[in-house]
**Q** 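The structure follows.
Hydrogens, waters and symmetry mates play no part in the numbers below; they use all other heavy atoms, side chains included. Residue numbers start from 1 in every chain, and the chains themselves are labelled A, B, ... in the order their sequence lines are given, proteins ahead of strands.
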Amino acid sequence: MIEIEGAGKSFTLHNQGGAVIEVLAGASLAVAPGECVALTGASGAGKSTLMRMVYGNYLAQAGRIVVGGLDVVRASPREIVALRRHTLGYVSQFLRVVPRVATRDVVAEPLLAVGWAPEPARARAEALLARLNIPEALWGLSPTTFSGGEQQRVNIARGFAHDYPALLLDEPTASLDPVNREVVLGLIEAAKARGAAILGIFHDAEARARVCDRAVDVSVFAPRAA
Amino acid sequence: MSVQDPSQGCCKAAPLLAVRGVSKTYGGRVGCADVSFDLYPGEVMGIVGESGSGKSTLLNCLAGQMAPDAGEVIFDTRGAGPVDTLRMSEPERRMLARTDWAFVHQNPRDGLRMGVSAGGNVGERLMAVGARHYGDIRAQALDWLDRVEIAADRIDDRPSAFSGGMQQRLQIARNLVTGPRLVFMDEPTGGLDVSVQARLLDLMRGLVRGMGLSAIVVTHDLAVVRLLADRLMVMKGGRVVESGLTDQVLDDPQHGYTQLLVSSVLQV
Amino acid sequence: MTETEQYNFAYLDEQTKRMIRRTLLKALAIPGYQVPFASREMPMPYGWGTGGVQVTAAVLTPADSLKVIDQGADDTTNAVSIRKFFEKTAGVATTTRTGEASVIQTRHRIPEAPLGEGQILVYQVPIPEPLRFLEPRETETRKMHALEEYGLMHVKLYEDIARHGEIATAYAYPVRVEGRYVMDPSPIPKFDNPKMEMAAIQLFGAGREQRIYALPPYSRVVSLDFEDHPFEATKADHPCALCGAEGSYLDEVIVDDAGGRMFVCSDTDFCAGRRAAGHVGKEGGA
């Protein structure tokens, strides 16, 4: 479902004397449907960078990154928009939403985008919010004023609303209490069971051991020192 | 019901607008130079750049408000398929401008008739295409005022009695009432305070998604394009220096100018 | 040398009259279209009918019989001045009888008696552009006429209904001529609009704005309206107090300091004719 072959990434800082920072070179891995792969490595090794490259958020300088048959490195913006809408979900660490939109609609939005009718989409969103223990009183409010933990759970609900065939998870259990951590791990297991290919970053070793089938150490993709 | 092949649907369609080599000079000065891109149905494209980068010149050339020196602006018309709007007769282009196209000005005073009531402003485009039933026109005006969150009892008030945010929402209603397929927006949130901007952005996002509109949004506000636009074109000195997926251009800018632009945004 | 011989016939020089006649021919060829012309200074202020006077001067021949009305009346200042002006400068016969006049210059009315072939009705026009109050740019209004973009005219009517519950425009009510040009009929009451489909030639002169337009006989003239608010040729709901006429346009006349009033025909010749034929209204006996 997700195939990375020889992907490389460097940042050129044009306004700082054209400094080139090499981050990754020759990164290769594959995630099959129903499989969960963890990215590991020290902080700064490039875990988040690689994940963002898969999402099309960072532009790879070399290699191929194929998700659901589409090479993200060479795809046009609208192909990536369609891929993200239908195939590739992403739970980031930060919630980024339009101010003023109610939490229930934030969560339902990915479903509306793939053609769900408003009523069932909203019902599914509410079910997810309930499962993640967001008090019903908050559903009608914008999540921009919520606490960090609440925002993180809204983000997870949004990421799991639509059954994406491929999912990227960036520290999904960070800043969660044990009860909600359990709920999130249950969601990940359910996604695997329905055949989703998952690529994740888990600092929580216990959680990683429980849901991940294998780990890939990103440090091996570090460019050789120049 | 939920999973679709991404190669289906949107990506098979023909472009709604195909722009080829559009250039405009003012004497020896470059307005915009050799701009080309395709815009597909339902896509929202942002054009960013600092003042004088040529983004408004480009928008005016695309929307038929200014004649470029060279290039083609090919629009997929309902009746006759793809037609170069620059070579259309003026009546055809003006007809397009009040049916399938819409233009939202930065200053609502440029896009509204300040001496005409809110209902008359919304109804004008309907009457321009032949609506001659007062009751129907008024009903549609009320429907649109509601959609842009203007209370029904303000329908007979003139825009001069409205706040800046309301004027801008009225301008949007006036433009969208004929169900256009392509909307040009020139700094639509410029001059509005932040809370009003947020409301307007939310509204525009909802309308763009709900009506399946394509839009070209010119702005210098990167936060606006992040929320509204699927993709981005960065202009400097009349030329496109970088383009791509909005979040990719903003989070991983490749060109030095874009890096400068992104890093110059004040953090809150 | 008589006083009349001190002037060229009908005041204007021959070259000017030729210029205006050419303009009139063009105006008649494109009904409702405003043709620019080189309006002259006249020995009267703008707003007193300088456009109408120039048109009348250009069409007048020594054999003509001229009638001049202002708001339907032959005896008001404006009408009397213009009639005297042409008596002095052209020496033509003048009349107050609608049926006997070959040229009628009017301000703000169409006579009640139907006009016939061979007659010419000349209107004084203050603002010829019907789109002016909504679109101040002349370049834009010309383009709108050229491209038949007349939606704005209905915006004006829409505003009327929104504000007053009905189309409150009572005079200068816009019309569409021969399905093409939208035209300002000059400030005649909308009661007169249906009469514009007539057998006589109608010429419109705007002196200050330097425009002439025209309607050939029997032109189709349609008053703009909405399907659910159709055009109505309204008038005060009274009979004439002097002649008892039911279907003529009326002036309201205040008769005392106590608010007493009466309604009388605005067309003085029509009213006088009816009274001569024996019709008497409520107060016509005194």
**Q** Regarding B/Arg94 and C/Glu148, does a basic nitrogen lie under 4.0 Å from an acidic carboxylate oxygen?
**A** no

**Q** To the nearest 0.5 Å, what is the distance between CG on C/Leu147 and CD on B/Glu92?
**A** 11.0 Å

**Q** Could you look at C/Leu157 and say if it's the side chain, the backbone, both or neither that has a heavy atom under 4.5 Å from chain B?
**A** neither

**Q** Quick check for you: to the nearest 0.5 Å, what is the distance between C/Asp225 atom CG and B/Tyr134 atom OH?
**A** 14.5 Å

**Q** Which bit of C/His154 comes within less than 4.5 Å of chain B, counting heavy atoms only: side chain, backbone, both or neither?
**A** both

**Q** Please flag which part of B/Ile155 lies under 4.5 Å from any non-hydrogen atom of chain C: side chain, backbone, both or neither.
**A** side chain

**Q** Quick check: closest heavy atoms across B/Gly115 and C/Glu159, and the distance to 0.1 Å?
**A** O-OE1, 4.3 Å

**Q** Taking every non-hydrogen pair under 4.5 Å, which of B/Glu90, B/Arg125, B/Glu124, B/Arg113 racks up the most with chain C?
**A** B/Arg113

**Q** State the CE-CZ distance between B/Met127 and C/Phe226, to the nearest 0.5 angstrom.
**A** 5.0 Å

**Q** Atom NZ of residue position C/Lys235 - does it have more than 12 heavy atoms of other residues, nucleotides or ligands inside 6.0 Å?
**A** yes

**Q** Quick check for you: to the nearest 0.5 Å, what is the distance between C/Ile161 atom CD1 and B/Asp156 atom CG?
**A** 11.5 Å

**Q** Could you grab the distance from atom NE2 of B/His133 to atom CD of C/Glu227, nearest 0.5 Å is fine?
**A** 6.0 Å

**Q** For C/Arg180, does the CZ atom have more than 12 heavy-atom neighbours from other residues, nucleotides or ligands under 6.0 Å away?
**A** yes

**Q** Does a side-chain heavy-atom distance below 4.5 Å link B/Pro91 with C/Glu149?
**A** no

